[in-house]
Every structure is written in C-alpha cells, then in structure tokens.
Undergrad: 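Once you've had a glance at the structure underneath, I'll fire off some questions.
This one's a predicted model, so the numbers in the text were calculated from it and none came from an experiment. In what follows, chains are A, B, ... by sequence order, proteins preceding strands, each numbered from 1.
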Amino acid sequence: MKNDNATIHRIVSRIPRGRVATYGQIADLAGIPRQARRVGYAMRRLPEGSAVPWQRVVNASGEISKRGDPAGEAMQAQMLRLEGIVFHRGKISLDRYLWRPKG
DNA sequence: ATAGTGACTGGAA
DNA sequence: CTTCCAGCCACTA
C-alpha cells in the first residue's frame, strides 16, 4: 500500500463539508497508524489554493493546531465557521462534528 | 552520516 | 486544568 502525500490528500478530500477529522484519524485511514505527524507534514506541503479541504483537519483535542502562522490559524477557524462549525472556547465538539466514515 | 525540529498523540505526574 | 515525555518519522541543516 502507498502511503505518500497523495494518499493522505485523497483521504482528506473525502471529509464532508461541515465535518472535521483528526490527524491521527487520517493517519489510520491512510494505513499508517500512530503517524499523525506525517499527516501534519502533508498538510504543510499543500500549495495555497489547493482543492484539498485541509481546514477540516484538526488535532485530537478539537483545536486548530499551532503552526508558525497565527493568521493562518485564524483563517482556518473562519473557514470552518463558514461551513457551519461552531467553536466553543476555542474548541470544536468532536462528538458533534467528527467525520465518521461509512457511519 | 548525525542532530534538531515539528499543522501529533496518549499516558503520566 | 498544566507540564512533561516517549514514540513516531520526514525534513532540514
């Protein structure tokens, strides 16, 4: 099985609008369990304007992961709000918004 | 080749 | 709640 960026990007592209997935979850679906960081790398590599809905990937705590660019974090939160996702004290309720493939 | 770093995570203190 | 840490491994210097 292939576990390159394309594989990760393909899975992220399956996350429905108004839903989120965690880095670890994407790693599992990509067949590389416990390699959440690799998913973070794949997101970092995405060119601006990519069709991949990278904004729907959040960390296991339901928060936007810290990165070098605070403005980018704010933009991600904004994009998610536009999809109808509600933040509560800086966090997303995973019970409510976590993507559950097939179910 | 080694060492440090990081869009992560789960467990321990 | 907060830190700290080991495991994970691609990437960079």
Undergrad: Can you run down the salt bridge (charged side-chain N to carboxylate O under 4.0 Å, His left out) pairs that involve residues 92-103 of chain A, sequence neighbours left out, and say none if there aren't any?
TA: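 For residues 92-103 of chain A: none.
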Undergrad: Does some side-chain heavy atom of A:W54 sit less than 4.5 Å from a side-chain heavy atom of A:M79?
TA: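 The answer is yes, as the side chains (C-beta and beyond) meet within the 4.5 Å cut-off.
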Undergrad: Could you tell me the separation between the CG atom of A:D28 and the C1' atom of B:dC8, rounded to a whole number of Å?
TA: 12 Å
Undergrad: Tell me, which of residues 14-22 of chain A have any heavy atom that sits under 4.0 Å from an atom in DNA chain B?
TA: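 Those residues whose heavy atoms fall under 4.0 Å from DNA chain B, taken from residues 14-22 of chain A in numerical order, are A:T22.
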Undergrad: When you measure from every atom of DNA chain B, which of residues 63-82 of chain A have a heavy atom less than 4.0 Å away?
TA: A:S65, A:K66, A:R67, A:Q76
Undergrad: Mind checking who shares a hydrophobic cluster with A:L82, ILVMFWY linked at side-chain heavy-atom distances under 4.5 Å?
TA: none
Undergrad: Can you confirm whether A:R17 sits close enough to A:P53 that some side-chain heavy atom of one is under 4.5 Å from a side-chain heavy atom of the other?
TA: no
Undergrad: For nucleotides 2-7 of chain C, tabulate all protein N/O to nucleotide N/O atom pairs closer than 3.5 Å, reporting atom names and distance.
TA:
residue, atom, partner, partner atom, Å
C:dG7, O6, A:R37, NH1, 3.3

Undergrad: For nucleotides C:dT2 and B:dA7, find the distance between their C1' atoms and express it as a whole number of Å.
TA: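 Roughly 22 Å separates the two C1' atoms.
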Undergrad: Tell me which pairs pass salt bridge (charged side-chain N to carboxylate O under 4.0 Å, His left out) where either residue lies in residues 52-68 of chain A, with sequence neighbours left out.
TA: A:R56-A:E83
Undergrad: When you compare the protein's N or O atoms with those of nucleotides 10-13 of chain C, which come within less than 3.5 Å of each other, and at what distance?
TA:
residue, atom, partner, partner atom, Å
C:dA10, N3, A:Y41, OH, 3.2

Undergrad: Indicate the atoms forming the closest heavy-atom contact of A:A27 with A:A36, along with that distance.
TA: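 What the structure gives for the nearest pair is CB-N, 4.0 Å.
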Undergrad: Could you pull out the closest heavy-atom pair between A:A21 and A:I15, with the gap in Å?
TA: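 Closest heavy-atom pair between A:A21 and A:I15: CB-CD1, 3.6 Å.
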Undergrad: Who else is in the cluster with A:I85 when I, L, V, M, F, W and Y are joined by side-chain contacts under 4.5 Å?
TA: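 Members alongside A:I85: A:V20, A:V58, A:I64, A:L80, A:V86, A:F87, A:I92, A:L94, A:Y97, A:L98.
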Undergrad: Atom CH2 of A:W54 and atom P of B:dC8: how far apart are they, to the nearest Å?
TA: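 Going from CH2 in A:W54 over to P in B:dC8 covers 14 Å.
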Undergrad: Roughly, in whole Å, what's the span from OH in A:Y23 to P in B:dG10?
TA: 14 Å
Undergrad: Drop me the distance from A:R37's CZ to A:I32's CD1, to the nearest 0.5 angstrom.
TA: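 Going from CZ on A:R37 over to CD1 on A:I32, the span is 13.5 Å.
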Undergrad: Side chain to side chain contact (heavy atoms under 4.5 Å, CB included) with A:R34: which residues, sequence neighbours excluded?
TA: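 So A:R34 forms no side chain to side chain contact (heavy atoms under 4.5 Å, CB included) with any residue.
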Undergrad: Residues in salt bridge (charged side-chain N to carboxylate O under 4.0 Å, His left out) with A:E73, at least two apart?
TA: none
Undergrad: Work out which heavy atom in A:W99 is nearest to a heavy atom in A:R19; give both atom names and the distance.
TA: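 Smallest heavy-atom distance, with atoms named: CA-NH1, 3.9 Å.
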Undergrad: Please give me every residue in residues 83-100 of chain A whose heavy atoms get under 4.0 Å of an atom in DNA chain B, ordered by residue number.
TA: none
Undergrad: Going by side chain to side chain contact (heavy atoms under 4.5 Å, CB included), name the residues that satisfy it together with A:A42, two or more places apart in sequence or in a different chain.
TA: A:N5, A:I8, A:H9
